[in-house]
Colleague: 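First the structure, then my questions, so here it is.
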Amino acid sequence: QVQLVESGGGLVQPGGSLRLSCAASGSGFSVNAMGWYRQAPGKQRESVATATTGDRRNYADSVKGRFTISRDNAKNTVYLQMNSLKPEDTAVYYCNANVQRAGYAGQYAYWGQGTQVTVSP
């Protein structure tokens, strides 16, 4: 069993910063790509940033230059540093991990519970 636990969301003013964390816990697994998605009210969930174990990183155009994804592989943890936040960044942010499980073929996608990020004056 694998669980993803997120933290770090909150209320921040435009131009402010937040740092999200997501830790994968359990046993008998290895984590491949990890990433962050978000879903704003009335909108579909979208990819924000992803990172592989080889540290390949991808960002949505809307967050490039403002957000940074990083990983601590020893802790099975992924972070999202969010700077210069804008009201349009307001959303529930979800951690995602693609996991290989011992004894099973292929990958399994796991999701965190979501953490609310609100950017408002």
Colleague: With a 4.5 Å heavy-atom cut-off, do Arg66 and Asp89 have their side chains touching?
Modeller: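 SC-SC contact between Arg66 and Asp89 confirmed.
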Colleague: Evaluate the side-chain proximity of Arg101 to Gln107: yes if any heavy-atom separation is below 4.5 Å, no if none is.
Modeller: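 They are not in side-chain contact.
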Colleague: Hey, is the main chain of Glu6 close enough, under 3.5 Å, to the side chain of Gln113 for a donor-acceptor pair?
Modeller: yes
Colleague: Which heavy-atom pair separates Ala97 from Val31 by the least distance, and what is that distance?
Modeller: CB-CG1, 4.2 Å
Colleague: How close do Asn73 and Thr53 get, counting heavy atoms only, and between which atoms?
Modeller: ND2-O, 3.8 Å
Colleague: Hey, what do you get for OG1 (Thr52) to CZ (Arg71), rounding to the nearest 0.5 Å?
Modeller: 7.0 Å
Colleague: With distance as the sole test, does Arg57 use its side chain to make a donor-acceptor pair with the main-chain N or O of Ile69 at under 3.5 Å?
Modeller: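 Yes: the side chain of Arg57 pairs with the backbone of Ile69.
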Colleague: Is the distance from the ring center of Trp111 to that of Tyr37 below 6.0 Å?
Modeller: yes
Colleague: Is it the case that one hydrophobic cluster holds both Leu4 and Tyr94, taking links as side-chain heavy atoms less than 4.5 Å apart, direct or via other members?
Modeller: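 Leu4 and Tyr94: separate clusters.
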Colleague: Would you say Leu80 and Val63 are hydrophobically clustered, going by side-chain heavy atoms of ILVMFWY under 4.5 Å?
Modeller: yes
Colleague: Look only at the side chain of Arg38 and the backbone of Ala91, and say whether a donor-acceptor pair between them is shorter than 3.5 Å.
Modeller: no
Colleague: Verify side-chain contact (heavy atoms from CB on, under 4.5 Å) between Asn76 and Phe29, making sure each step is shown before the conclusion.
Modeller: CA-CA 10 Å; Asn76 285 325; Phe29 73 94; 3.9 Å; yes
Colleague: So do Pro87 and Pro14 actually touch side chain to side chain, heavy atoms under 4.5 Å?
Modeller: yes
Colleague: Output yes when Asp61 and Lys64 qualify as a salt bridge under the 4.0 Å nitrogen-oxygen rule, no when they do not.
Modeller: yes
Colleague: Kindly give the heavy-atom pair with the smallest separation between Val78 and Met34, and that separation in Å.
Modeller: CG1-CE, 3.6 Å
Colleague: Give the minimum heavy-atom separation between Leu18 and Gly8, together with the two atoms involved.
Modeller: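 Smallest interatomic distance, heavy atoms only, reads CD2-O, 3.8 Å.
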Colleague: Where is the tightest heavy-atom contact between Ser84 and Ser17, given as atom of each residue plus distance?
Modeller: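 The pair with the smallest heavy-atom distance is N-OG, 4.3 Å.
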Colleague: Report whether Phe67 and Val12 are members of the same hydrophobic cluster (ILVMFWY, side-chain heavy atoms less than 4.5 Å apart, transitive linking).
Modeller: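 Yes: a chain of side-chain contacts under 4.5 Å links Phe67 to Val12.
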Colleague: Mind listing the closest non-hydrogen atom pair of Val2 and Val99 along with its distance?
Modeller: CG2-CG1, 4.2 Å
Colleague: Verify the neighbour count for atom CD of Glu88: are there more than 12 heavy atoms of other residues, nucleotides or ligands below 6.0 Å?
Modeller: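 Counting neighbours around CD of Glu88, more than 12 heavy atoms of other residues, nucleotides or ligands fall under 6.0 Å, so yes.
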Colleague: Between Val117 and Thr90, is there a side-chain heavy-atom distance shorter than 4.5 Å?
Modeller: no
Colleague: Fit a plane to each ring of Tyr110 and Tyr108, take the angle between them on a 0 to 90° scale, and name the class: parallel (under 30°), tilted (30 to 60°) or perpendicular (over 60°).
Modeller: tilted
Colleague: Looking at OG of Ser62 and CD of Glu46, how far apart are the two atoms once the value is rounded to the nearest 0.5 Å?
Modeller: 5.0 Å
Colleague: Could you tell me if Arg19 sits above the aromatic ring of Tyr79, with its cationic atom closer than 6.0 Å to the ring centre and no more than 45 degrees from the axis?
Modeller: yes
Colleague: Taking the side chain as everything from C-beta on, heavy atoms only, tell me whether Leu85 gets closer than 4.5 Å to Gln13.
Modeller: no
Colleague: Under a 3.5 Å threshold, yes or no: a donor from one side chain and an acceptor from the other, between Asp72 and Thr77?
Modeller: no
Colleague: Distance check, rounded to the nearest 0.5 Å: Asn96 atom CG versus Ser47 atom OG?
Modeller: 8.5 Å
